[in-house]
Amino acid sequence: MSEKAHLTIGDKTYDLDVTIGTENEKCVDIQKLRKESGYITMDPGYGNTGSCYSSITYVDGDKGILRYRGYPIEEIAEKATFVEVAYLILYGELPNVKQLRAFRESISEHAALHTNLEHHFSGFPKTSPPMAILSAMLNLISCFHPEVLEVHSEGPEFDRTVALLLSKVRTISAFSYRMAAGKPFNHPNPNLSYCSNFLHMMFSDPYREYVASPVIVKALNLFLVLHADHEQNCSTSTVRVVGSSRANLFSSVAAGVCALWGPLHGGANAAVIKMLEDIKTSGRPLSQYLDMAKDKENDYKLMGFGHRVYKNFDPRSLIMKKQVYKVLEELHQDDPLLEVALELEEETLKDSYFVERNLYPNVDFYSGILLRAIGIPLNMYTVLFAIGRMPGWISNWRELLEHKQRLSRPRQIYTGEATRNFVPLAAR
Ligand code: CMC
C-alpha cells in the first residue's frame, strides 16, 4: 500500500498521497486539499513546493550533487561538448556518432537570421542591454517562422525548432554585441564548432579573422555545459509557467531570458565582477562589505554567494574555480580580481553569519573571471548564461507538454479591504 500523510485541521484529518522520486525525494501531494478542506498551502517563493515531476536534471543541494539525465556534472563537464550535452538534455540519451553529426548539421543549417530580422537590430539604441535585445529577438523569430507557432513537442517539427533555437540564440547574442560596438555583423561559418562559431561572430573583423585558441574554446564550452540545466530555477519555472498556457516555445524562452536577467539569478555573474571591482578600487576593507551584507537594514548582498537549493557547496562553482586557474595559466594571464575573489571567499568561510546560513560561492562567483579571461565583455555575461540554459528551457517546455501539465495558476490569501460601497467622484 502506498504511504499516506495525514493532516489534521481542527477535528478533521485529511489523507494525502505521498510520492517518492528516483533518489528517494519525498513529496506530500496536496492537489486535492483545497477541494476537500477549503485550505490552501502558503509558500512564497516556492521554496518548499514541487511544481512538476521531471526526469531531466537531479540536484541534491545538501550533498552538492548535480546530474543531467543521471550523468554527474563532474564527468559531463570533463568529457562532453555543449552540443552533446544539449542533445542529452533534450532527448534523454547521449548521441551516437550519427546522431551527433545530424544534430550538429541541423544547428549549422539554422545559424543565419532572416535578413528582415537582421534589420531589426538597427532599431535598437547602441546602449540597449543585450538581454533586452535577446528576449525581444527570440520572440520575434516566430514572426519569421510562423510554423513554429504550431505547438509541437515531438517529431521533425520539434527537432527543427530545437536546432533553430539553439543556433539562433547564439547568432542573435553575437549580433547584439556587434550592433552595440558599431561593427558589421559576422555571418556564421558552418565549418566551425558551436563555440568557435560564436567567438567568430563576436570577434572577427573585416581586416582580421578571429581564430579562437583551443584553450578559449574549451573554457567557453565548459561554461555552457555548466549552465545547461538546473531543474526548476527561476527562469526555467518561468518558461514552464508561460508554456503552461500553451504559448509557443519562442515566447516561453523569451520570458525565460527576462527572468534570468535579474541579479538574484543569472544577472549575478556580471554583478559579481562589479562587486569585485568595487572592492578592489574603493580601498575599503573587506570587513565593511561583509558587514553591509550582514546588515538586515541594508539590501546589499554578497553577489555570487548563497543558493536556494545548495546548502553545502555548488558543484558547478568548484569546477568553475578550477577551470579559472587552468585558463589563466594556459593563457599566461593574471587577473587581480581573482585575488579579491579568493580573499572574499576565505573571509566568508571564517565568518559565522555565512557559515551558519550555508552561504558558499555559487556558479556565478567565478564564472565572470572565466568570461573575462576569454574576452567576453561584461554586459554579455548573462547572455552567455542564456545561451547555455537554452537546452534546459526547451527540454522543460517539452516535458510540460508531454505531461499535459495544467495551467500554472497559484492561489493567494487576500489581505486587502473587505467589501466597500463605491464612492462617487464628487464625494471623495
Ligand atoms: N549575502 C548576504 N546574505 C545572504 C546572501 C548573500 N548573498 N544570500 C542569502 N543571504 C541570507 C539571507 O538574507 C537569509 O538571512 P536570514 O536567515 O538572516 O534572513 C539567509 O541568508 C538565507 O537566505 P535565503 O533568504 O533563504 O536565500 P534564498 O534562497 O531566498 O535566496 C539567493 C537565494 C541566491 C537569491 C540569495 O542567496 C542571493 O541573493 N545571493 C546573491 C545573488 C546570487 O549570487 N545569485 C545567483 C544564484 S546561483 C545561479 C542562479 O541560479 O542564477
Side-chain angles (χ1 to χ4, degrees), residues 42-49 57 59 61-62 64-66 68 73 131 223-240 255-276 278-279 286-321 337 341 344-371 378 381-390 392-393 396:
M42 181 57 75
D43 183 21
Y46 311 130
N48 200 41
T49 295
T57 288
V59 176
D62 296 321
I65 292 174
L66 167 61
Y68 296 155
I73 190 65
M131 286 296 274
F223 175 95
L224 297 177
V225 167
L226 291 181
H227 288 81
D229 192 38
H230 208 247
E231 50 119 301
Q232 303 313 313
N233 57 85
C234 176
S235 56
T236 303
S237 298
T238 302
V239 171
R240 278 189 179 253
V257 170
C258 295
L260 186 73
W261 193 355
L264 299 190
H265 189 15
N269 57 12
V272 167
I273 295 299
K274 287 184 195 149
M275 174 186 75
L276 297 176
D278 180 47
I279 295 174
L286 272 184
S287 58
Q288 237 180 62
Y289 289 88
L290 264 62
D291 288 345
M292 280 197 291
K294 293 190 276 189
D295 180 359
K296 293 294 161 198
E297 303 299 311
N298 194 331
D299 281 342
Y300 187 84
K301 286 188 181 222
L302 284 193
M303 300 313 287
F305 279 85
H307 196 275
R308 173 62 60 81
V309 182
Y310 292 121
K311 297 297 175 197
N312 191 340
F313 64 95
D314 179 340
R316 301 167 300 173
S317 173
L318 299 187
I319 301 170
M320 196 72 85
K321 187 176 174 183
L337 292 192
L344 186 59
E345 183 181 359
E346 205 182 313
E347 287 306 308
T348 58
L349 289 173
K350 291 190 280 196
D351 191 306
S352 60
Y353 173 95
F354 292 91
V355 174
E356 279 161 17
R357 288 171 180 73
N358 301 306
L359 301 172
Y360 302 104
N362 57 48
V363 68
D364 294 314
F365 191 60
Y366 287 104
S367 70
I369 301 182
L370 186 81
L371 293 178
L378 184 66
Y381 288 7
T382 312
V383 169
L384 266 289
F385 192 150
I387 299 176
R389 187 53 52 87
M390 193 54 80
W393 288 337
N396 273 274

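Both ligands and their constituent atoms are indexed starting at 1 by order of listing. Remember, it's a predicted structure, so these values are computed and weren't measured experimentally.
- For ligand 1, the polar-atom distance check finds an N/O of Phe305 within less than 3.5 Å of one of the ligand's N/O atoms.
- Put simply, atom 4 (C) of ligand 1 has protein non-hydrogen atoms near it, under 4.0 Å away.
- At a 4.0 Å heavy-atom cut-off, ligand 1 does not touch Leu260 at all.
- Applying the 6.0 Å contact sphere to CG of Asp299 captures no more than 12 heavy atoms from other residues, nucleotides or ligands.
- Among protein heavy atoms, atom 39 (O) of ligand 1 sits closest to Lys301 CD, 3.1 Å.
- For the residue pair Asp364 and Ala268, the shortest heavy atom distance occurs at OD2-CB, 3.5 Å.
- Within 6.0 Å of atom OH in Tyr46, 12 or fewer heavy atoms from other residues, nucleotides or ligands are found, so the atom counts as exposed in its surroundings.
- The backbone N or O of Gly45 lies less than 3.5 Å from a partner atom in the side chain of Arg308, making a donor-acceptor pair.
- Less than 4.0 angstrom separates atom 23 (O) of ligand 1 from none of the non-hydrogen atoms of the protein.
- Counting heavy atoms under 4.0 Å from ligand 1, residue Arg357 touches it through the side chain alone.
- For ligand 1, the atoms lying closer than 4.0 Å to a non-hydrogen atom of Ala268 are 43 (C), 44 (O), 45 (N), 46 (C).
- Remark: Leu290 CG to Asp295 CG distance equals 12.5 Å, nearest 0.5 Å.
- Ser237 contributes a side-chain N or O that, together with a main-chain N or O of Gln232, makes up a donor-acceptor pair within less than 3.5 Å.
- Look at Tyr353 and you'll find a heavy atom under 4.0 Å from some atom of ligand 1.
- A centroid separation of less than 6.0 Å is found between the aromatic rings of His230 and Tyr310.
- When the shell of 6.0 Å around CG of Asn48 is examined, it contains 12 or fewer heavy atoms from other residues, nucleotides or ligands.
- Side-chain contact, Thr236 with Asn396: no donor N or O sits under 3.5 Å from an acceptor N or O.
- Within the 4.0 Å heavy-atom criterion, the part of Val363 lying near ligand 1 is the side chain and not the backbone.
- Atom 26 (O) of ligand 1 is not flagged as protein-proximal [any protein heavy atom, distance under 4.0 Å].
- Distance from atom 42 (C) of ligand 1 to its nearest protein heavy atom, with residue and atom name: Met303 CE, 3.5 Å.
- Among protein heavy atoms, the minimum distance from atom 34 (C) of ligand 1 is reached at Gly306 O, 3.7 Å.
- The CG atom of Asn362 sits 7.0 Å away from the CZ atom of Arg316 when rounded to the nearest 0.5 Å.
- Looking only at protein heavy atoms, the nearest one to atom 2 (C) of ligand 1 is Ala293 O, 3.6 Å.
- Looking only at protein heavy atoms, the nearest one to atom 50 (C) of ligand 1 is His265 ND1, 3.3 Å.
- Proximity of Lys296 to ligand 1, defined as any heavy-atom pair under 4.0 Å, is confined to the side chain (atoms from C-beta onward).
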(request) In sequence, state the C-alpha distance, the side-chain angles, and the governing distance for Asp314 and Met320, and then conclude on side-chain contact (heavy atoms from CB on, under 4.5 Å). (result) CA-CA 10 Å; Asp314 179 340; Met320 196 72 85; over 6 Å; no
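- Selection from Asn362, Asp314, Asp364, Asn269 by nearest heavy atom to atom 49 (C) of ligand 1 gives Asp364.
- For atom 30 (O) of ligand 1, the closest heavy atom belonging to the protein is Arg308 NH2, 3.1 Å.
- In plain terms, the two heavy atoms of Tyr300 and Tyr289 that are nearest each other are OH-CD2, 3.3 Å.
- In this structure, the protein non-hydrogen atom closest to atom 1 (N) of ligand 1 is Leu302 N, 3.2 Å.
- Shortest contact from atom 10 (N) of ligand 1 to any protein heavy atom: Leu359 CD1, 3.7 Å.
- The distance from the CG atom of Asn233 to the NE2 atom of His227 is 10.5 Å, given to the nearest 0.5 Å.
- Contact annotation for Phe365 and ligand 1: no heavy atom of the residue comes within less than 4.0 Å of the ligand.
- An N or O contact shorter than 3.5 Å links Gly304 to ligand 1 by distance.
- Of the N or O atoms in Leu264, one or more lie within a sub-3.5 Å distance of an N or O in ligand 1.
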